Participant: 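Here it is, the structure, as structure tokens.
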2 protein chains.
Amino acid sequence: MKRKPETSSTAQARAITKEDVARAAGVSHITVSRVINTPEKVSPETRTKVESFIASMGYIPNLLAGGLASRRTRIVAAIVPTISHSIFAETVRGLSEELSRHGYQLLLGQTGYSEDAETALVEAFIGRRVDGLVLTGVQHTARTRQRLKAAGIPVVETWDLTKRPIDMLAGFDNHDAGRAMGDYLYGKGYRRMAFVGGEDPRGMARFAGMREALLAHGAAEPVHLKVPMGSFLHAGRESVARLLDHHAEVDAAFFSNDVIAAGAAMECARRGVAVPGRIALAGFANLEIAPEVLPALTTVQISAHQIGLTAADMLLARFSGRAVEQPVCDLGYSILEREST
Amino acid sequence: MKRKPETSSTAQARAITKEDVARAAGVSHITVSRVINTPEKVSPETRTKVESFIASMGYIPNLLAGGLASRRTRIVAAIVPTISHSIFAETVRGLSEELSRHGYQLLLGQTGYSEDAETALVEAFIGRRVDGLVLTGVQHTARTRQRLKAAGIPVVETWDLTKRPIDMLAGFDNHDAGRAMGDYLYGKGYRRMAFVGGEDPRGMARFAGMREALLAHGAAEPVHLKVPMGSFLHAGRESVARLLDHHAEVDAAFFSNDVIAAGAAMECARRGVAVPGRIALAGFANLEIAPEVLPALTTVQISAHQIGLTAADMLLARFSGRAVEQPVCDLGYSILEREST
DNA sequence: TTGAAAGCGCTAACAG
DNA sequence: CTGTTAGCGCTTTCAA
């Protein structure tokens, strides 16, 4: 039990351990452990004494060691395409708040919309022995699915629906949501539609749904404009410019998210193009910017925050051994009409 | 060395260990360890053989155990006020990208601008034995500073400057930046200024700098409007409305960040108020929205992304035992003139 | 180039 | 209510 001399290049001062506190307080280290984890199982005097030593010595338990011994890290990992854009921020916020309320911490990973990056992150997080994992979308590499199955940790897929979830699911039907917007725009009298979005699976599903609705109504094949990663606002401005200049027949555009749509609205304002007079604009997700931009955006309201909350609650139920009453949860969507259509 | 029967309520399948791989490959577990960590120290045949077993068995090393034994987790924690807003997103992105390039992962914490929350996060992260820590701002509780000193881990403070950093620093002078904007606006002929921002220390410093500049020029005391947390766009709209309605003399407003300023621009557009004719608007940070909104925002350009990159490089240098050539790094700022002033 | 022994700091299970 | 014993899975000497 002798301490070796300090040699590590990180030069981290030898941290105080439970042993040190126990010695100082004249108890065994397991008692210190109990004071921290199950204080009700320790006599009040002992507890008070130990607690005062913990405080005065500035003892911080090594969660690495604790996690190794107990096989629970109290860490949940979330993997999102990106946090730079606000689309997933609400979900992450809901997740993070609910988890931290229950003593869990959130480890965040970004894929940049790459499935291989997701696989790498999943492996890294399994290596960290996270207690649970939240994934964005339902499309994953075979390797990801297999790793997750093998690890046997609770998983929640989000932001979409599927017949064959890996484990649990909290999302909504992107295809249906797209169709609903198609129906809505057609119902408002628009006939030549465009869809502007990235090539992520959920955006594609929304496009497919919208297209289906339009064709069912006998409307023309919608124009499909792809936007690059990067600045959504800028992409929105560029794409609406393209629409205005090269697809003059288009009278309504549905954007993959509100930020792109807001960019489009800004470009229209710049050009003095009337919205919705010359072209109607609809967004997706009801982000912060949707009601603020001029004109306020019609959008598809989804519960991004609720997705995070639900995912957290599902995991928390699993952790505590409770049965998850609804392991597959469709949170729905609704059309929110504002000024832009 | 006998396995206990599976009882854990997490029901995590017994994970494959180095032992299992070693046994299968007919080597000792330490050889497996070498194949993973220092492959050049293993003979090519052994390496190939072990690697194939690692792959086929789907072995994922337990980083908890590794971290415990090696005293390095390859995790860096970053603490920001919030990730929901885009202000710190660029910094986090720079940090995350640079770190992951070098095999480190990022653990993210949000304080909601509360110093006590920061302290709690610092303690939690120290408990996780992160290799390094990135903090936002230079104002921290005594307890935070003391914990950090005691833990002896590398720390980078960001987004501000101070004479007495905890350890390393990558930021810019908020007071000076505010003064520069004050000078600029005064130089453009504006005389009745307002500052709109939150009550975070950096925003306050910018206000103080601006005020100092104005008073030095003999201009009037600036109006100071506080915005609540929450929606910045909305706060911007509300505050400019207040300015327009109750401080009609104000001819220029400086906002704590571009998102608030953009909200203000949107409200002006809604009201048909001329910018900068009736009121000039200036933002801060040169966020994505600044050049896109109508009118494009004059702002203070700072290198949010560079802050993250620099912080990462400082930590990386420390980790590898290299000396950090510039432990205190002033990244500067500059006025970026656009249409809104 | 490979292996054996000895922990890292903690918790689980059992005993007292 | 408190302590003892035995690992958790890995890396670090040190030895072969």
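It should be emphasised that the depicted structure is a prediction, and the values quoted were computed from it without experimental measurement. A note on names: the letters A, B, ... follow the listed sequences, proteins ahead of strands, and every chain is numbered from 1.
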Participant: Kindly point out which of C:dT11, D:dG9, C:dG3 is positioned nearest to the side chain of A:K18?
Facilitator: C:dT11
Participant: Between atom CZ in B:R129 and atom P in D:dT11, what is the gap in whole Å?
Facilitator: 18 Å
Participant: Which residues in residues 29-36 of chain B have a heavy atom closer than 4.0 Å to any atom of DNA chain C?
Facilitator: B:I30, B:T31, B:R34
Participant: Please report the distance, rounded to the nearest Å, between CD in A:E40 and P in D:dC1.
Facilitator: 9 Å
Participant: Report the distance from atom CD of B:E19 to atom P of C:dA4, rounded to the nearest whole Å.
Facilitator: 10 Å
Participant: Among C:dT1, C:dC10, C:dG3, which is the nearest nucleotide to the side chain of B:S43?
Facilitator: C:dT1
Participant: What is the distance, to the nearest angstrom, from the CG atom on B:L64 to the P atom on C:dT11?
Facilitator: 12 Å
Participant: Taking side chain to side chain donor-acceptor pair (under 3.5 Å) as the criterion, tell me which of A:E157, A:Q146, A:E115 meets it with A:H140.
Facilitator: A:E157
Participant: Are any of the side-chain heavy atoms of B:T91 and B:V80 separated by less than 4.5 Å?
Facilitator: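 No, their side chains stay 4.5 Å or more apart.
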Participant: May I have the distance from B:I16 (atom CD1) to D:dG9 (atom P), rounded to whole angstrom?
Facilitator: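 Rounding to the nearest Å, CD1 of B:I16 and P of D:dG9 are 12 Å apart.
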Participant: Do the non-hydrogen side-chain atoms of B:T162 and B:V328 ever get within less than 4.5 Å of each other?
Facilitator: no
Participant: Would you say that B:R202 contacts B:P81 through its side chain, given a criterion of any heavy-atom pair below 4.5 Å between the two side chains?
Facilitator: yes
Participant: Once you round it to whole Å, what is the distance between P of D:dT13 and CZ of B:R71?
Facilitator: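 Spelled out: CZ on B:R71 to P on D:dT13 is 11 Å.
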Participant: As a quick check of understanding, evaluate ring-ring contact (aromatic ring centres under 6.0 Å, His included) for B:F53 and B:Y59, giving each step before the final call.
Facilitator: CA-CA 8 Å; B:F53 274 101; B:Y59 169 62; over 10 Å; no
Participant: Looking at C:dT11, C:dG9, D:dT11, which one has an atom nearest to any side-chain atom of B:S70?
Facilitator: D:dT11
Participant: Taking only N and O in the side chain of A:R72, is any of them less than 4.0 Å away from OP1 or OP2 of D:dC8?
Facilitator: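 Result: no.
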Participant: With a 4.5 Å heavy-atom cut-off, do B:I30 and B:K18 have their side chains touching?
Facilitator: no
Participant: Less than 3.5 Å apart, any donor N or O on the side chain of B:R322 or B:S320 sitting next to an acceptor on the other?
Facilitator: yes
Participant: Closest approach to the side chain of B:S28, judged atom by atom: which nucleotide of D:dG9, D:dT11, C:dG3 is it?
Facilitator: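 Within the option list, the nearest is C:dG3.
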Participant: Please figure out whether B:A69 or B:K41 has its closest DNA chain C nucleotide nearer the 5' end.
Facilitator: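 Closer to the 5' end of DNA chain C: B:K41.
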Participant: What is the distance from CG of A:N37 to C1' of C:dA13, rounded to the nearest Å?
Facilitator: 15 Å
Participant: Should we count CZ of B:R101 as having more than 12 external heavy atoms under 6.0 Å?
Facilitator: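 Yes.
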Participant: Once you measure the plane-to-plane angle for B:Y104 and B:F319, does it fall in the parallel (<30°), tilted (30-60°) or perpendicular (>60°) bin?
Facilitator: parallel
Participant: Output the residues of residues 46-63 of chain B in contact with DNA chain C, where contact means a heavy atom of the residue under 4.0 Å from an atom of the strand; sort by number or write none.
Facilitator: B:T46
